[in-house]
Amino acid sequence: MTEETKEVKSLNFLEEIVENDLREGKSGGRLLTRFPPEPNGYLHLGHAKSICLNFGLAQKYGGQTNLRFDDTNPITEDTEYVDSIKADVRWLGFEWAAELYASDYFAQLYEFAKKLIQQGLAYVDDSTAEAIASQKGTPTEPGQDSPFRSRSIEENLALFEGMKDGKYPDGSRVLRAKIDMASPNMHFRDPVIYRIKHAHHHRTGDQWCIYPMYDFAHGQSDSIEQITHSICTLEFIPHRPLYDWFIQKLDIFPSHQYEFARLNLTYTVMSKRKLKQLVEEGHVAGWDDPRMPTLSGVRRRGYTPEAIRDFCERIGVAKRDNLIDVGLLEFCVREHLNKIATRVMVVLDPDPIKVVITNYPEGQTEELSIENNPEQPEEGSRNVTFSREILVEREDFMENPPKKFFRLAPGNRVRLKGAYIIECNEVIKDSDGKVTELHCTYVPESKSGSDTSGLKVQGTIHWVNAATALPVEVRLYDRLFQVEDLNEAEGDFKDHLNPNSLEIVHAFAEPSLKEASGTYQFLRKGYFCLDSDSSSDRLIFNRTVGLKDSWAKDQKKK
RNA sequence: UGACCGAUGGUGUAAUGGUAACACAGGAGAUUUUGGUUCUCUUAUUCAGGGUUCGAAUCCUUGUCGGUCAACCA
């Protein structure tokens with residue numbers, strides 16, 4: 001494709017804003033974004049969208065991105081989360097210009113608050129939380145002024161200092177901005193900007209007992225760092241006028257806030273609160289349970305950073321609510337894994353069928369060479385052992401097959417992947433009528449790669465050598481929830497958990513998997529990766545995602 | 001029913017007053033030693049009414065529907 005015919009990719013609305021600002025020389029042609037997680041939980045795919053957006057924008061337009069922890073609430077925050085967040089951002093493939101903390105600015109923020117008081121734009125309120133809430137009014141009725149609203153500047157200054165000095169207990173007083181109790185924007189009704197919390201902070205320790213609220217920390221932090229584009233999700237739209245109001249009254253660097261629609265995925269919850277609940281109530285094994293939409297979960301599941309970045313690219317960025325089909329994520333994962341995954345043969349059925357090749361000499365074995373990845377011939381090949389007795393999937397045999405069943409059936413011929421064509425001659429059953437063995441004959445001239453038999457078969461199936469098969473544990477995951485749209489679902493979200501989201505099977509793998517590492521395609525089955533629960537004598541694989549299966553889909557339709 | 005935000009195939013995202021397109025999903029076929037991959041073809045879209053205009057998904061207006069906002073959370 002030439003440069004001229006190459007399609008120009010259209011810009012999303014944020015790229016347009018950035019291009020415009022850069023063109024007009026705003027902020028001196030500088031671009032600085034930030035990714036501002038609160039260290040009170042693990043990152044999930046929704047954060048991945050935000051990370052790709054913030055870091056991606058900076059990358060594309062020659063800017064930079066800060067990683068800033070929004071750590072203004074010491075009660076819920078912890079260094080455990082700081083560490084996991086940093087690891088997740090790096091894993092996704094991004095490097096920040098600076099690692100910063102809102103708590104770095106506590107002293108500066110305190111001065112900002114005093115400045116507001118001095119302008120008569122903030123006051124200390126002794127009301128209880130309940131009183132403040134009831135004075136707030138409702139979206140359709142104006143609020144009432146607090147009885148403490150008209151304190152003098154001097155008194156406010158003294159009380160605020162007292163708050164800082166630890167003279168008052170938690171909850172006894174707050175600092176409020178003095179704006180407009182009748183504003184149609186609830187956030188303008190004298191928002192609380194500082195509260196007392198005698199709590200240990202993960203970074204500042206016991207240095208502070210007053211902590212700024214989000215609205216008095218986030219925009220100011222952006223401004224201190226001279227963030228040019230502060231990108232957040234839609235629910236912060238009503239905060240924007242407040243964000244601008246503080247910057248104007250404080251007369252500090254004018255960062256600007258822009259909002260985009262958060263990611264929603266079908267069959268998934270994407271809220272830190274709900275994910276935390278799943279972990280704490282034991283519905284999953286932890287934040288990194290492979291069924292979780294957390295970055296640590298999908299990583300353990302075998303998703304690659306490339307696939308997630310591709311996904312974030314494909315879902316786009318806009319301002320309308322969305323619900324993305326989880327099938328798109330799976331598409332992205334398959335697309336990447338198809339290119340990189342080593343192919344191996346594993347019989348997943350814990351109760352496989354033994355196939356005896358009756359015309360293959362007893363005791364004889366031979367090594368057959370099989371390609372590691374047809375998509376990447378340079379990945380070379382490996383040997384697998386063939387012998388008189390092999391194991392195949394029970395579902396690859398049918399005694400009375402429908403037409404178009406291309407696998408094993410009485411009188412049918414199939415190709416054993418990388419080996420020979422065999423024909424099924426006899427079905428052996430136990431007293432209950434259950435198939436225990438298939439007696440087949442192989443075609444010696446049909447050896448893979450040097451087939452002179454002239455035979456054409458419709459199906460190829462995978463197999464493992466019975467004598468040397470390696471027992472492994474395989475964890476098959478299904479969607480965590482049974483309903484597509486959790487936001488629309490009735491009742492508690494946990495009522496819709498899928499009881500079959502994890503199935504553990506004991507499978508039979510080709511011996512090459514003994515030294516497993518990385519990502520595999522189990523031929524005809526899906527993509528799998530070694531789980532961290534594995535030990536040298538007990539290998540455990542996670543199914544990342546299944547292969548597309550048009551046969552199964554056709555069967556389902558009928 | 002106060003303010004704010006939004007509405008384009010099944011799902012997302014484009015089209016920036018000039019032929020409604022791309023991806024996923026769906027369907028049909030070809031290729032294939034994975035019923036995978038790849039390739040070809042294909043179904044399906046502007047919330048409604050009114051207005052401006054030679055021309056409207058786009059601008060104006062009214063309405064409808066959806067979302068957000070009343071934490072000493074972020």
Side-chain angles (χ1 to χ4, degrees), chain A residues 7 9-12 16 36-38 40 70-73 75-77 102 125 127-129 132-134 136-143 170-176 183-189 192-197 210-211 213-215 217-218 232 234-241 259 261 266 272-273 314-325 327-332 334-335 338-339 343 345 370-371 374-375 404-407 414-419 421 446 448-449 451 457-462 487 521-526 546-555:
Chain A
E7 204 180 321
K9 197 160 179 310
S10 56
L11 303 176
N12 66 48
E16 280 184 15
E38 184 188 10
N40 69 344
D70 226 338
D71 56 350
T72 56
N73 185 358
I75 310 291
T76 56
E77 296 153 5
D125 194 332
S127 307
T128 62
I132 289 176
S134 69
K136 200 131 215 166
T138 70
T140 54
E141 300 163 71
D170 286 6
S172 58
R173 290 181 220 267
V174 292
L175 184 69
R176 288 227 258 171
S183 172
N185 182 342
M186 299 299 288
H187 298 277
F188 265 41
R189 325 252 263 225
V192 172
I193 58 177
Y194 259 96
R195 74 286 214 194
I196 303 171
K197 276 181 195 282
I210 57 170
Y211 293 92
M213 298 285 290
Y214 168 84
D215 286 307
H218 200 99
C232 61
L234 253 27
E235 63 273 25
F236 290 95
I237 289 177
H239 294 253
R240 176 156 30 93
E259 310 86 8
T266 54
K272 238 194 277 187
R273 199 195 97 245
R314 285 170 187 266
I315 59 178
V317 181
K319 296 192 72 155
R320 72 181 100 138
D321 291 325
N322 59 77
L323 180 61
I324 309 282
D325 188 343
L328 180 62
L329 211 212
E330 294 175 343
F331 167 84
C332 294
R334 285 192 193 101
E335 175 147 281
N338 176 50
K339 293 197 186 86
R343 272 61 170 175
M345 294 197 287
I370 301 191
E371 62 203 341
E375 303 290 315
K404 296 221 174 163
F405 181 81
F406 300 147
R407 311 177 189 181
V414 296
R415 155 83 56 190
L416 294 174
K417 174 68 188 179
I421 291 172
S446 68
S448 186
D451 186 347
V457 292
Q458 304 235 58
T460 298
I461 64 172
H462 62 283
N487 292 320
Q521 185 195 105
F522 290 4
L523 224 61
R524 301 207 302 140
K525 285 298 172 186
L547 252 30
K548 259 185 22 189
D549 189 346
S550 53
W551 167 251
K553 199 163 69 182
D554 274 7
Q555 293 305 293

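The figures that follow rest on heavy atoms only: side chains count, while hydrogens, waters and symmetry mates do not. So you know, we letter chains A, B, ... as the sequences are listed, proteins then strands, and number each from 1.
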Is_stacked (Y214(A), A74(B)) at 5.5 Å, 30 deg |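 Y214(A) ring does not meet the centre or angle cut-off for A74(B); no stack.
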Assign [X] to base, sugar-phosphate, or nothing according to its heavy-atom contacts below 4.0 angstrom with the strands shown.
| X | answer |
| --- | --- |
| Q458(A) | nothing |
| R343(A) | base |
| A318(A) | sugar-phosphate |
| V457(A) | nothing |
| F331(A) | sugar-phosphate |
| T140(A) | base |
| N73(A) | sugar-phosphate |
| G418(A) | base |
| R407(A) | base |
| H239(A) | base |
| P37(A) | nothing |
| S127(A) | base |
| K553(A) | sugar-phosphate |
| I237(A) | sugar-phosphate |

If you only use heavy atoms from C-beta on, which nucleotide in [options] is closest to the side chain of [X]?
| X | options | result |
| --- | --- | --- |
| R320(A) | C72(B), A7(B), A15(B) | A7(B) |
| P139(A) | A70(B), G12(B), C24(B) | A70(B) |
| P374(A) | U37(B), G35(B), U34(B) | U34(B) |
| K404(A) | U34(B), A70(B), G35(B) | G35(B) |
| P184(A) | G35(B), A3(B), C24(B) | A3(B) |
| R524(A) | A70(B), A14(B), G35(B) | G35(B) |
| A129(A) | U37(B), C72(B), U34(B) | C72(B) |
| T138(A) | G36(B), A23(B), A70(B) | A70(B) |
| N12(A) | A14(B), G36(B), U11(B) | A14(B) |
| V192(A) | C72(B), G2(B), U37(B) | C72(B) |

Heavy-atom closest pair, residues I421(A) and S446(A) =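 Shortest heavy-atom separation between I421(A) and S446(A) comes out as N-OG, 2.9 Å.
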Would you say [N] has OP1 or OP2 under 4.0 Å from some side-chain N or O of [X]?
| X | N | result |
| --- | --- | --- |
| R240(A) | C69(B) | no |
| K272(A) | A74(B) | no |
| T72(A) | A74(B) | yes |
| K197(A) | C73(B) | yes |
| R195(A) | C73(B) | yes |

Atom-to-atom span, [atom1] of [X] to [atom2] of [N] - whole angstrom:
| X | N | atom1 | atom2 | value |
| --- | --- | --- | --- | --- |
| D451(A) | U33(B) | CG | P | 10 Å |
| E235(A) | A70(B) | CD | C1' | 16 Å |
| Q521(A) | G35(B) | CD | P | 10 Å |
| L234(A) | U68(B) | CG | P | 10 Å |
| I461(A) | U34(B) | CD1 | P | 13 Å |
| R273(A) | A71(B) | CZ | P | 16 Å |
| E259(A) | G6(B) | CD | P | 10 Å |
| K319(A) | U68(B) | NZ | P | 16 Å |

[N] to [M] separation - [atom1] atoms, rounded to the nearest Å:
| N | M | atom1 | value |
| --- | --- | --- | --- |
| A25(B) | U11(B) | C1' | 7 Å |
| A21(B) | G9(B) | P | 14 Å |
| G6(B) | C60(B) | P | 12 Å |
| U46(B) | G17(B) | C1' | 15 Å |
| U8(B) | G2(B) | C1' | 30 Å |
| G66(B) | A48(B) | C1' | 15 Å |
| G26(B) | C59(B) | P | 35 Å |
| U1(B) | C65(B) | C1' | 14 Å |

Rounded distance (nearest 0.5 Å) linking atom CZ of R176(A) with atom CE of M213(A) |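 Here the interatomic distance stands at 11.0 Å.
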Under 3.5 Å, side chain of [X] to main-chain N/O of [Y], donor-acceptor pair present?
| X | Y | value |
| --- | --- | --- |
| R195(A) | I210(A) | no |
| N12(A) | G316(A) | no |
| K272(A) | E38(A) | yes |
| R334(A) | N338(A) | no |

Testing E375(A), R524(A), E371(A) for side chain to side chain contact (heavy atoms under 4.5 Å, CB included) with R343(A), which one passes?
->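 Single side chain to side chain contact (heavy atoms under 4.5 Å, CB included) partner of R343(A) among E375(A), R524(A), E371(A): E375(A).
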According to the interplanar angle, ranging from 0 to 90°, do the rings of Y214(A) and F236(A) count as parallel (below 30°), tilted (30 to 60°) or perpendicular (above 60°)?
->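 Because their plane-to-plane angle lies in the 30° to 60° range, the rings of Y214(A) and F236(A) count as tilted.
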Can you tell me the Watson-Crick or wobble partner of [N], both distances under 3.5 angstrom?
| N | result |
| --- | --- |
| G66(B) | C5(B) |
| A71(B) | none |
| U61(B) | G49(B) |
| G35(B) | none |
| U40(B) | A28(B) |

Under a 4.5 Å cut-off applied to non-hydrogen side-chain atoms, are L416(A) and I461(A) in contact?
->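 In short, these two side chains touch, coming nearer than 4.5 Å.
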Apply side-chain hydrogen bond (donor to acceptor under 3.5 Å, both in side chains) to S127(A) and D125(A), showing your working.
-> CA-CA 6 Å; S127(A) 307; D125(A) 194 332; 2.5 Å; yes
